[in-house]
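Below is one structure, written out as structure tokens, with a few remarks after it.
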Amino acid sequence: MTKTKEADLYIARSKSAAAYRHTYHIMPPVGWMNDPNGFSYALGKYHFFYQFHPYAAAWGPMHWGHYTSEDLIKWELAPTALAPDEPYDKDGCFSGSAIEREKKLYLLYTAVSGALQQQALALSEDGVTFRKKGLVISEKDLPRDASKTNFRDPKVFEKDGFFYAVIGSKHSEGAGQVLLYRSRDLENWEYAGCPWRTEGDELMCECPDYVRLGEKDLLLSSIQFLHRDGWRNENVHTARYLTGELDFGAGKFYPEIGDEVDSGFDFYAPQTLVTPDGRTVMIAWMQMWDRTYVTAPYGWVGATTLPRELSLKNGRLVQTPVRELEKYRKNPVKAENIAVLGERAIEGVRGTKCEISFTLDLGTAKRAGVKLFCGHNLEAVLFYDRASELVLFDRSNTGTLISGSTRERDALIRRCAVRVKENRIKFRLFLDVSSLEVFLNDGERTMTGLVYAPQDADGVVFFAEGGTAKIAEIEKYDIVL
Ligand code: FRU
């Protein structure tokens, strides 16, 4: 029996416990999930593959799990696409990407064998079963000063009659870098430059991604061990973006604006696709390395963020959940002009599988915001603090302590600066059983975090301290798939 069949039989026989499982986010059927892979629209459908270890709720020999969708929201489980079953990938089919060519779906992924990381190709005629073609970018294709053991996560895309791939790498002196390769046919590749290298060393650029976004080129990469910078980069590893211009001839990227992609706790390895109608959509792993994996005893770990449409505003990245999600809104509740002094609930606004959007008028308050997942004297708190001019997401009082790598200051509070316009801030929140995604001011900043509160803790309480605030308007919908 093939190793992918073996994985599928195991999945059919196993079931993870329901505890904390999300209802409208992608998760592994059982076992471990990390990075999104092969996120694409191909052969008439959306495809989502992911780093998958079916046999335990812990990282292990990497397979590629697979889901397909018509609308980016409702996903259907497909057979496991890749398993580590060839000498060149015997230690794992690591991250990579997908592209359609001549009515076939190609996967370009990192084949790990011992200390070597090289890039291999697999293809499918039906979008379901994949056949491996072997290594296509190997150690001999590396520039002399690049690591052979840190060469992974190719993101393939098409431009001006060529295929290109950006690949994560490490320079021999320790900086992280992104390498560029070029091909006519996806099988024969040539090195085309090192568009970007980090400042500082002991870093590694994982999961690079390139997309043309409006008038700019966007380069995403997930940087291991990036040092903290004020309220930025507080997690052990950080997904960053850079806008600028990529000169494909010279293989050089000229950066303009850069920042962390998300300012919450659990966001890594984002990957993009372009929809048939031209939108750029990004999805990321909604977890972090080296954390307390609260759901592991229940047989699963890992999920993705919502798919988010990307755009630029004043040169900066803006993220909004794809509009397809709105089809699944149920039970609307709307209200406006609600004064908040101390704590205040709003009729009909509660739940843990829902979208809540509101405009907060800060009034005279020193701190104001919302407590979520409230119950049993526990809560997650999201609020603006006037003194520091930051929005804070505090998950320290949810009943489940999450600790992280010693390189993180903590895994309980995250912060970000936000523009206050006319004394107001817009919040758009998505709660899904054990997750919270926050879009501030129409997606100018986002904060993503897992919250493991008691399962019946569904209270939502607004609050203001040091003065009176106002909920100028609020809308709440259940999200039901
Ligand atoms: C990022 C990463 C990738 C690698 C994969 C292995 O989260 O470390 O660089 O391909 O995970 O599962």
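Just so you know, ligand 1 is whichever comes first in the structure, and atom 1 is the first atom listed for that ligand.
- When the options Tyr191, Trp189, Phe248, Tyr210 are evaluated for a ring-ring contact (aromatic ring centres under 6.0 Å, His included) with Tyr164, the one that passes is Phe248.
- Counting only residues at least two apart or on different chains, no side-chain hydrogen bond (donor to acceptor under 3.5 Å, both in side chains) pair has a member in residues 246-255.
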Tabulating one pair per line, provide the atom names and distances (0.1 Å) for every N/O atom of ligand 1 that is less than 3.5 Å from a protein N/O atom.
unit_1: ligand 1; atom_1: 7 (O); unit_2: Asp35; atom_2: OD1; d: 2.7
unit_1: ligand 1; atom_1: 7 (O); unit_2: Asp35; atom_2: OD2; d: 3.3
unit_1: ligand 1; atom_1: 7 (O); unit_2: Trp289; atom_2: NE1; d: 3.0
unit_1: ligand 1; atom_1: 8 (O); unit_2: Glu206; atom_2: OE2; d: 2.7
unit_1: ligand 1; atom_1: 9 (O); unit_2: Arg152; atom_2: NE; d: 2.7
unit_1: ligand 1; atom_1: 9 (O); unit_2: Asp153; atom_2: OD1; d: 3.4
unit_1: ligand 1; atom_1: 9 (O); unit_2: Asp153; atom_2: OD2; d: 2.6
unit_1: ligand 1; atom_1: 9 (O); unit_2: Glu206; atom_2: OE2; d: 2.9
unit_1: ligand 1; atom_1: 10 (O); unit_2: Ser95; atom_2: N; d: 3.1
unit_1: ligand 1; atom_1: 10 (O); unit_2: Asp153; atom_2: OD1; d: 2.5
unit_1: ligand 1; atom_1: 11 (O); unit_2: Asn34; atom_2: ND2; d: 3.2
unit_1: ligand 1; atom_1: 11 (O); unit_2: Asp35; atom_2: OD2; d: 3.1
unit_1: ligand 1; atom_1: 12 (O); unit_2: Asn34; atom_2: ND2; d: 3.1
unit_1: ligand 1; atom_1: 12 (O); unit_2: Gln51; atom_2: OE1; d: 2.7
unit_1: ligand 1; atom_1: 12 (O); unit_2: Trp59; atom_2: NE1; d: 2.9

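- Between Glu234 and Arg415, at least one side-chain N (NZ, or NE/NH1/NH2) sits under 4.0 Å from a carboxylate O, which counts as a salt bridge.
- Salt-bridge annotation for Asp85 and Lys132: present, with a side-chain N of the basic residue lying under 4.0 Å from a carboxylate O of the acidic one.
- The side chain to side chain donor-acceptor pair (under 3.5 Å) check on Gln224 picks up Glu206, with sequence neighbours excluded.
- Residues forming a side chain to side chain donor-acceptor pair (under 3.5 Å) with Thr80 (at least two apart in sequence, or on another chain): Asp8.
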